[in-house]
Each structure stands twice: as structure tokens, then as C-alpha cells.
Amino acid sequence: MAGLLVLLPLSYLGGRAALVVAVLLLLVGTQLVVGYGPIPGLLALGYALAALDVPSALDRRVGRVAIAFVVCTALAATWIVLTVSEVDLPFLNVLGGPGGGVSLLPPLAGIATGLAYCCGLLLLLRTPAGPALSAVLSPLGRMALTNYLSATALFLLAGPPLGIDSTSDLPRIVGLTVGIIIVQAVWSVLWLRSFRYGPVEWAWRCLTWWRRAPIRRRGAESPTPLAGTA
């Protein structure tokens with residue numbers, strides 16, 4: 001829903017204009033789209049960065065990535081401390097002013113943490129540990145949609161038996177999350193030895209192209225029509 005409402009209109013804008021829209025949505029997204037928080041703004045930000053050709057320039061801008069990592073890490077650490085300490089910053093309150101409205105501090109802390117994580121990972125991939133990390137992360141990424149949906153199912157199934165009933169059960173949540181990632185890392189490697197795509201990725205391709213996409217590694221290169229279609 002957010003993608004349709006945000007990305008389709010943005011496709012008529014240039015990268016710089018989309019970036020301005022993304023920043024605005026990140027700042028007020030919690031108020032504009034109830035229940036979605038900063039998600040519309042993050043979608044817009046991804047589109048804007050792609051339109052500005054930022055991904056292809058990352059390998060050539062290692063210094064800038066390092067600077068962004070330091071800045072975002074410092075911001076994330078500061079904002080997380082303020083959030084945990086429940087410090088009220090009136091200038092970050094929207095739609096209500098001091099003492100009212102909604103604070104932008106938690107979403108801003110989350111965004112800064114996410115950017116710090118991304119920049120840190122990009123830098124780590126350029127170290128001697130990069131090939132080993134890529135060997136683990138690449139299969140996970142190639143099956144991102146399958147793993148995203150299966151992680152939700154696994155968490156819902158395993159959470160109650162482990163006694164996870166609220167976000168305050170942090171140690172068990174972290175433990176289960178790490179366990180799921182390990183299981184998915186192994187499963188992704190084993191699956192992709194025989195198949196080209198994850199099961200959900202394959203189904204999505206078939207629905208998008210309305211053709212049966214080859215899934216086995218020894219299958220034909222060109223898609224074949226689904227049964228009953230021309």
C-alpha cells in the first residue's frame with residue numbers, strides 16, 4: 001500500500017525532488033500515514049538514492065561512506081540514550097507542541113541506527129572478512145522475500161513456547177532472532193544449490209510475467225507459458 005501510494009507518484013519526479021519528498025516524509029510520516037511510521041519516507045529515500053545513482057557510486061566513495069558511518073553512529077547513540085532516558089526534546093514534537101503531540105526522536109533514532117548499520121556493513125565488506133560475509137549474506141539476499149515471510153512465521157510459531165509475549169523479553173527475542181538467521185543462512189545455501197530462486201521469489205516472477213519461470217538450475221533459460229495461457 002505504501003509503495004503504491006508513494007513510489008508511483010515519485011516516478012514522475014527527478015532524484016533531487018524525490019529526495020526532498022523523502023526527507024519530508026521521514027520527518028512527518030508518523031502523522032501523515034497512521035500505522036506506517038517512517039516506512040513511506042524510507043521507500044521514497046530508497047527511490048531517490050537509486051534515481052541519483054548513489055548505489056553505483058558507493059565503491060568509488062568509500063571515504064564518504066566512512067564519514068556517514070561515523071556521523072550516523074554518533075547520532076544513533078545520542079538519540080538512543082535520549083530515548084532510553086525519556087528525555088523530552090520539545091523541538092522534536094509535532095502536532096501538539098511541547099508536552100503534546102508525537103516525538104520524532106524514536107523514528108529518527110531508528111533511521112540513524114539503520115543507516116549506521118548499512119554504512120558499517122559496506123565498509124566491513126571491503127575488509128578481508130568481506131568474501132566470507134558475502135558468502136553468507138548473498139544467498140540470504142537472493143531469497144530476501146522468502147526469508148522475510150518465513151522469519152515472521154518462525155517467530156510466531158517459536159515465540160510463545162519460548163515465553164516471548166512482549167518486547168520486554170529482549171534476551172529471548174535476540175536469541176530467537178539469531179537462531180532464525182542461522183537457520184535461514186544454512187537453508188538459503190542448500191536451497192540455491194538446486195534452485196535459481198527462493199520459492200516465494202519464483203512465485204512472484206511467475207505472477208509478474210504471467211509465465212512459468214524456470215526454477216531448477218538445469219531448466220531452460222527462457223520462461224515458458226503457464227498452463228492455460230498463450
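Atom set for the values below is all heavy atoms of this structure, side chains included, hydrogens, waters and symmetry mates excluded. Position 1 is the first residue of the sequence, and the numbers go up from there.
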Between atom [atom1] of [X] and atom [atom2] of [Y], what is the distance when rounded to the nearest 0.5 Å?
{"X": "Leu125", "Y": "Thr127", "atom1": "CG", "atom2": "OG1", "value": "7.5 Å"}
{"X": "Ile215", "Y": "Ser194", "atom1": "CD1", "atom2": "OG", "value": "10.0 Å"}
{"X": "Arg126", "Y": "Leu121", "atom1": "CZ", "atom2": "CG", "value": "12.5 Å"}
{"X": "Arg196", "Y": "Glu201", "atom1": "CZ", "atom2": "CD", "value": "15.0 Å"}
{"X": "Leu133", "Y": "Leu124", "atom1": "CG", "atom2": "CG", "value": "5.0 Å"}
{"X": "Ser188", "Y": "Leu137", "atom1": "OG", "atom2": "CG", "value": "10.5 Å"}

Do any N or O atoms from the side chain of [X] and from the backbone of [Y] form a donor-acceptor pair under 3.5 angstrom?
{"X": "Arg217", "Y": "Leu192", "value": "yes"}
{"X": "Arg211", "Y": "Leu207", "value": "no"}
{"X": "Thr146", "Y": "Met143", "value": "no"}
{"X": "Ser138", "Y": "Ala135", "value": "no"}
{"X": "Arg172", "Y": "Ile164", "value": "no"}

Closest non-hydrogen atom pair between [X] and [Y], with its separation:
{"X": "Pro55", "Y": "Ala50", "answer": "CD-CA, 4.1 Å"}
{"X": "Ala44", "Y": "Leu10", "answer": "CB-CD1, 3.4 Å"}
{"X": "Leu176", "Y": "Ala158", "answer": "CD1-CB, 3.9 Å"}
{"X": "Cys72", "Y": "Leu115", "answer": "SG-CB, 3.7 Å"}
{"X": "Ser134", "Y": "Pro139", "answer": "O-CD, 4.0 Å"}
{"X": "Ala48", "Y": "Gly15", "answer": "CB-O, 3.8 Å"}

Is there a path of hydrophobic side-chain contacts, each under 4.5 Å between heavy atoms, that joins [X] and [Y]?
{"X": "Trp187", "Y": "Phe155", "value": "no"}
{"X": "Ile173", "Y": "Leu154", "value": "yes"}
{"X": "Val62", "Y": "Leu122", "value": "yes"}
{"X": "Trp204", "Y": "Phe195", "value": "no"}
{"X": "Val136", "Y": "Leu190", "value": "no"}

**Fill in**
side-chain contact (heavy atoms from CB on, under 4.5 Å) with Val178: of Ile182, Ile180, Ile181, only one passes, and it is Ile182
**Request:** Kindly indicate, with the supporting measurements, whether the criterion side chain to side chain contact (heavy atoms under 4.5 Å, CB included) is fulfilled by Arg16 and Leu19.
**Result:** CA-CA 5 Å; Arg16 295 182 183 276; Leu19 185 59; 5.5 Å; no
**Message:** Both conditions, 6.0 Å and 45 degrees, for the charged tip of Arg205 above the ring of Tyr197: are they met here?
**Reply:** yes
**Message:** According to side-chain hydrogen bond (donor to acceptor under 3.5 Å, both in side chains), does anything in residues 176-186 pair up with another residue at least two apart or in another chain? List the pairs.
**Reply:** Ser150-Gln184
**Message:** Per the side-chain hydrogen bond (donor to acceptor under 3.5 Å, both in side chains) rule, what does the pair list look like for residues 2-15, sequence neighbours excluded?
**Reply:** none
**Complete:** For Arg61, the salt bridge (charged side-chain N to carboxylate O under 4.0 Å, His left out) test, sequence neighbours excluded, returns none
**Request:** Tell me, with the steps shown, if Tyr47 and Leu43 meet side chain to side chain contact (heavy atoms under 4.5 Å, CB included).
**Result:** CA-CA 6 Å; Tyr47 174 84; Leu43 289 171; over 6 Å; no
**Item:** Pairs flagged by salt bridge (charged side-chain N to carboxylate O under 4.0 Å, His left out) wherever residues 154-164 is involved - sequence neighbours left out
**Value:** none
**Request:** If you link ILVMFWY side chains whenever their heavy atoms are less than 4.5 Å apart, which other residues fall into the same cluster as Leu156? By chain and number, please.
**Result:** none
**Message:** Other members of the hydrophobic cluster containing Val200, with the 4.5 Å side-chain heavy-atom rule, please.
**Reply:** Leu145, Tyr148, Leu149
**Prompt:** Is the CH2 atom of Trp191 crowded by more than 12 outside heavy atoms at less than 6.0 Å?
**Reply:** yes
